[in-house]
Undergrad: 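Input: one structure, supplied below.
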2 protein chains.
Amino acid sequence: MDERELLVLGLLMTQSQHGYQINDFIERNLGQVSDMKKATAYSILKRLDKQGCVDVTVEQEGNRPPRQIYSITDRGRELFYDLLRSSLAHAENVTPAGEIGLMFIDHLSRSDAKELLKIKLEKMNQLIEACSSIPSHDEGIGVNLSFRHRLALLECNRTFLTETIQELENESTV
Amino acid sequence: MDERELLVLGLLMTQSQHGYQINDFIERNLGQVSDMKKATAYSILKRLDKQGCVDVTVEQEGNRPPRQIYSITDRGRELFYDLLRSSLAHAENVTPAGEIGLMFIDHLSRSDAKELLKIKLEKMNQLIEACSSIPSHDEGIGVNLSFRHRLALLECNRTFLTETIQELENESTV
DNA sequence: GACCTTCTAGTCAGGTATGACTATACTAGT
DNA sequence: ACTAGTATAGTCATACCTGACTAGAAGGTC
């Protein structure tokens, strides 16, 4: 859950930025993975500020609308790690946005990341089991198709996860 | 887009129902595919009513809270087919919810369905191409992983689509 | 027959997301 | 030197979603 907060915090982990910069980066580079809109990012920044997870500095330059520069606080860092861990260990979303956590995996040690992904893998297996046993009580093919679609995505995720865990393992022994 | 409206309208296509019934069905049978909450379904029903897509009849029984029975109107049927067609031809969402359209595919002729899915397939191929060429400018593996994840899901979708189209083709020649 | 739980049926306040909008600065062409 | 178009930087009204709540009926159990 709350993949959007994770994304914004993650971007602030590398450097302090103002809202426009964050949006620009998401639009240019992450449009494939996140569909978050401008106004949403701004409202998330405001929320994070209210929770004390970011500090704001206003920078005036001439007559322009002033820039609000956001930097992450200790509390924000805590939240970031919490969200990251739960994103990596969580398996409900089969969406790319649901796997935003992957993007920030370098902030954790390889072994931590591996452990979390193993938890996710286990949950994924349970989901697959639950999905496999759905009876196709209908005469049409529709309902059946949509369950097979979900099953295919879940299995794709499982394969990806298994490979990724393997990759992390190989990396750390090299 | 608007997969939720599609889901509610689709359920009303088979028979008139009251809100509780719709929610109950979603919770019991479609929890795997849709995560729509109770209150959301009710608010969608209200919206559809405002747009003249459903008719409401109130049914009182003793002292109970009265049932609001919703039935789909001609206008609602139009909207249903519009949403269904665009859901089947659309390729942006890689999510199970994004493929709610599949569930109602039996409402279209096999050849119509096939055509729409072919459009989706073409779009999917474009997305895959766009995703493949993303450079991994980072030193970490995170960003790279998350793009590979999306790519894997897209390719899974492509395979599924291809198979489904094939299936529809075989079915109609038999 | 009193109490607790679950099922039925839905509402509502408050949080979230976003399309449309405002406003300045810079850049290129004519 | 003027204009059109784009980049910068963000706000706001409105629509949307959902957790928490209300309320009666039915069923079980001690």
Side-chain angles (χ1 to χ4, degrees), chain A residues 1-9 11-12 16-31 34-51 53-54 56-71 79 83 92-93 95 97-98 100, chain B residues 1-9 11-12 16-31 34-51 53-54 56-71 83 92-93 95 97 100:
Chain A
M1 317 263 138
D2 271 339
E3 311 291 348
R4 288 147 191 268
E5 265 84 355
L6 177 56
L7 177 54
V8 171
L9 284 172
L11 293 179
L12 289 176
S16 300
Q17 305 188 49
H18 51 102
Y20 189 85
Q21 230 171 326
I22 290 177
N23 278 304
D24 201 51
F25 186 82
I26 292 175
E27 264 177 41
R28 280 184 209 282
N29 303 308
L30 307 182
S34 166
D35 61 346
M36 189 166 55
K37 308 301 181 206
K38 243 158 70 108
T40 308
Y42 280 109
S43 83
I44 287 173
L45 283 168
K46 229 165 240 174
R47 220 184 302 157
L48 288 173
D49 183 26
K50 225 181 278 176
Q51 296 166 221
C53 293
V54 297
V56 194
T57 323
V58 180
E59 220 187 53
Q60 185 79 38
E61 240 186 284
N63 274 359
R64 293 187 176 206
R67 283 179 174 175
Q68 251 113 63
I69 298 186
Y70 295 90
S71 44
L79 180 57
L83 290 177
E92 208 80 16
N93 288 309
T95 81
I100 285 280
Chain B
M1 315 265 139
D2 272 340
E3 312 292 348
R4 286 147 193 268
E5 265 84 355
L6 177 56
L7 177 55
V8 171
L9 284 171
L11 294 179
L12 289 176
S16 299
Q17 305 188 49
H18 53 101
Y20 189 85
Q21 230 171 326
I22 290 177
N23 277 305
D24 201 50
F25 186 82
I26 293 175
E27 262 177 43
R28 278 184 210 282
N29 302 309
L30 308 181
S34 167
D35 62 345
M36 190 165 54
K37 306 302 181 204
K38 243 158 73 109
T40 308
Y42 281 109
S43 83
I44 286 174
L45 284 168
K46 229 165 239 175
R47 221 184 302 157
L48 289 172
D49 183 27
K50 226 181 277 177
Q51 297 166 220
C53 293
V54 299
V56 194
T57 323
V58 180
E59 221 187 53
Q60 185 78 40
E61 241 186 284
N63 273 1
R64 292 187 178 208
R67 283 180 175 176
Q68 252 112 61
I69 297 187
Y70 295 91
S71 45
L83 291 177
E92 207 80 17
N93 288 310
T95 80
I100 285 280

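To find a chain, count down the sequence lines: A is the first, B the second, and so on, and within it residues start at 1.
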Undergrad: Counting primed atoms plus P, OP1 and OP2 as sugar-phosphate and everything else as base, spell out the protein contacts along nucleotides 7-14 of chain C at 4.0 Å heavy-atom distance: B, S or - for each nucleotide, 5' to 3'.
TA: SBBBBB--
Undergrad: Roughly, in whole Å, what's the span from CG in B:Asp35 to C1' in D:dT18?
TA: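 Roughly 11 Å, once rounded to whole Å.
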Undergrad: To the nearest 0.5 angstrom, please state how far the OH atom of A:Tyr70 sits from the CG atom of A:Leu12.
TA: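 Going from OH on A:Tyr70 over to CG on A:Leu12, the span is 9.5 Å.
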Undergrad: Run the side chain to side chain contact (heavy atoms under 4.5 Å, CB included) check on A:Ile22 and A:Leu7 step by step: do they pass?
TA: CA-CA 10 Å; A:Ile22 290 177; A:Leu7 177 54; over 6 Å; no
Undergrad: Mind listing the side-chain donor-acceptor pairs of residues 34-41 of chain B below 3.5 Å, one per line with the distance, residues two or more places apart or on another chain?
TA:
residue, atom, partner, partner atom, Å
B:Ser34, OG, B:Met36, N, 3.2

Undergrad: Paired stems touching DNA chain C, three or more consecutive Watson-Crick or G-U pairs with both distances under 3.5 Å?
TA: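 DNA chain C forms these stems: C:1-30 with D:1-30.
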Undergrad: May I have the distance from A:Asp2 (atom CG) to C:dG15 (atom P), rounded to whole angstrom?
TA: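 After rounding, the reported distance stands at 14 Å.
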Undergrad: Once side chain to side chain donor-acceptor pair (under 3.5 Å) is applied, do any residues pair with A:Asp49, and if so which ones, sequence neighbours excluded?
TA: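 With sequence neighbours excluded, A:Asp49 shows a side chain to side chain donor-acceptor pair (under 3.5 Å) to no residue whatsoever.
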Undergrad: Would you please name every residue forming a side chain to side chain donor-acceptor pair (under 3.5 Å) with A:Glu5, sequence neighbours left out?
TA: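 Partners of A:Glu5 under the side chain to side chain donor-acceptor pair (under 3.5 Å) test: A:Arg47.
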Undergrad: Return the value, rounded to whole Å, for the distance between atom CE of A:Met36 and atom C1' of C:dT16.
TA: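 Rounded to the whole Å, the gap is 13 Å.
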Undergrad: Would you mind reading off the distance between A:Glu27 atom CD and D:dG10 atom C1', rounded to a whole angstrom?
TA: 13 Å
Undergrad: Tell me: NZ of B:Lys50 to P of D:dC16, nearest whole Å?
TA: 8 Å
Undergrad: List the steps, then state whether side chain to side chain contact (heavy atoms under 4.5 Å, CB included) holds for B:Leu11 with B:Ile26.
TA: CA-CA 9 Å; B:Leu11 294 179; B:Ile26 293 175; 3.8 Å; yes
Undergrad: Scan for side chain to side chain donor-acceptor pair (under 3.5 Å) pairs involving residues 17-26 of chain A, sequence neighbours excluded, and state none if there are none.
TA: A:His18-A:Gln21, A:Asp24-A:Arg28
Undergrad: Can you find a side chain N or O atom of A:Arg4 that sits less than 4.0 Å from OP1 or OP2 on C:dA17?
TA: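 Yes, such a contact exists.
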Undergrad: Output the rounded distance in Å from CD (B:Glu3) to P (D:dC17).
TA: 12 Å
Undergrad: Rounded to the nearest 0.5 Å, what separates atom CG in A:Leu83 from atom CG in A:Leu9?
TA: 6.5 Å
Undergrad: The side chain of B:Ser43 lies closest to which of these nucleotides: D:dT18, C:dT16, C:dG19?
TA: D:dT18
Undergrad: What is the distance from CG of B:Asn23 to P of D:dG19, rounded to the nearest Å?
TA: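 Interatomic distance, CG of B:Asn23 to P of D:dG19: 13 Å.
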Undergrad: Separation of A:Glu59 atom CD from D:dA9 atom P, in whole Å?
TA: 9 Å
Undergrad: Find the distance between NZ (B:Lys46) and CD1 (B:Ile44) and round it off to the nearest 0.5 Å.
TA: 12.5 Å
